[in-house]
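Notes to accompany the following structure.
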Amino acid sequence: MCFPGALAAGTFGLGLASSMAQYGAAQSNYAAALGQYNQNYQNALAEGREADLASTTRQMQEAKAYSQKDHLAALEGAQKQAQVAAAAASNGEAGNVVTDLTASIANQIAEKRATLESNYKDTVSQIQMQKQNQVLEEQMRITGVSQPIDPGIGSTLVNVGSDAVKAAGTTSGQAGLSTIGLSAM
């Protein structure tokens with residue numbers, strides 16, 4: 001003869017064991033998902049640092065190239081002005097013609113230098129926009145994998161109670177339910 005109380009206790013124990021096994025599996029899945037999330041986060045940060053370093057290096061190279069081109073343009077202008085002045089002096093030329101020629105050379109060189117500066121600023125602006133896009137890409141990589149949620153023990157306790165009620169209801173019917181203080185509807 002089987003006592004309804006013993007039967008309910010046995011089914012409760014089975015429900016508890018089943019729920020604890022499910023909880024262990026959920027915790028294992030959570031740990032794996034959390035490890036994947038953390039790895040993704042670290043990879044995104046590393047890629048962001050590498051991209052930022054590459055952009056910063058390119059910006060420094062552009063600054064150096066601009067400085068060199070600007071310096072060469074200034075030297076070129078000074079050389080042309082010196083050549084015009086020397087040629088004018090050797091030919092006995094002086095006055096407004098020589099002044100106009102050297103002023104024209106100075107204007108051409110100033111335009112060239114202004115163009116170089118404008119191109120440099122445009123390039124720096126493009127690099128800055130690329131940096132901003134890299135930051136957005138890094139953030140999207142980080143948020144691309146949702147952070148896992150710890151299953152917690154609370155849901156397991158609810159499952160234990162639910163499993164016990166189900167088990168009691170299926171194994172001994174009304175008698176099992178009345179043993180744990182519930183009634184069938």
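The figures here come from the full heavy-atom set of this structure, side chains too, leaving out hydrogens, waters and symmetry mates. Residue indices begin at 1 and follow the sequence shown.
- Evaluation of the salt bridge (Lys or Arg N to Asp or Glu O under 4.0 Å) test over residues 35-53, restricted to residues two or more places apart or in two chains, returns Glu47-Arg141, Asp52-Lys131.
- Cluster annotation: Ile105 and Leu72 are assigned to distinct hydrophobic clusters (Ile/Leu/Val/Met/Phe/Trp/Tyr, side-chain heavy-atom contacts under 4.5 Å, transitive).
- Gln139 is listed as a side-chain neighbour of Val135, based on a closest heavy-atom distance under 4.5 Å.
- No donor-acceptor contact under 3.5 angstrom links the side chains of Asn40 and Gln36, judged on distance only.
- A distance of 10.0 Å separates CD in Gln130 from OG in Ser125, rounded to the nearest 0.5 Å.
- Remark: Leu101 CG to Gln83 CD distance equals 12.5 Å, nearest 0.5 Å.
- With Ser118 contributing its side chain and Ala114 its backbone, the two residues share no donor-acceptor pair below 3.5 Å.
- Considering every non-hydrogen atom in both Ala73 and Ile109, the closest pair reads O-CG2, 3.4 Å.
- Applying the ring-ring contact (aromatic ring centres under 6.0 Å, His included) definition to pairs two or more places apart or across chains, those involving residues 94-133 are Tyr66-Tyr120.
- The minimum heavy-atom distance linking Ala44 with Ile142 is given by the pair CB-CG1, 3.5 Å.
- For Glu76, the salt bridge (charged side-chain N to carboxylate O under 4.0 Å, His left out) test picks out Lys80, Lys112, with sequence neighbours left out.
- In this structure, Ala106 and Gln81 approach most closely via the heavy-atom pair CB-NE2, 3.2 Å.
- Residue pairs meeting the ring-ring contact (aromatic ring centres under 6.0 Å, His included) criterion with at least one member in residues 74-97, sequence neighbours excluded, do not occur.
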Checklist entry - Would Thr123 and Gln59 satisfy side-chain contact (heavy atoms from CB on, under 4.5 Å), going step by step from the backbone distance to the final call? => result CA-CA 8 Å; Thr123 301; Gln59 189 169 346; over 6 Å; no

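- Open room surrounds CD1 on Ile149; 12 or fewer heavy atoms of other groups in view lie less than 6.0 Å from it.
- Looking only at side-chain heavy atoms (C-beta outward), Asp70 and Glu117 stay at 4.5 Å or farther from each other.
- What you find for Glu138 and Gly48 is that their closest heavy atoms are OE1-CA, 3.2 Å.
- The distance from atom CD of Glu111 to atom CZ of Arg113, rounded to the nearest 0.5 Å, is 13.5 Å.
- Screening residues 25-55 for ring-ring contact (aromatic ring centres under 6.0 Å, His included), with sequence neighbours left out, gives no hits.
- In this structure, Thr57 contributes its side chain and Leu53 its backbone to a donor-acceptor pair below 3.5 Å.
- Looking at heavy atoms from C-beta onward, Asp150 lies in side-chain contact with Gln27 at the 4.5 angstrom threshold.
- Take Asp100 and apply the salt bridge (charged side-chain N to carboxylate O under 4.0 Å, His left out) test, not counting sequence neighbours, and it matches no residue.
- Put simply, CD1 on Ile127 and CD on Gln61 are 9.0 Å apart, with the number rounded to the nearest 0.5 Å.
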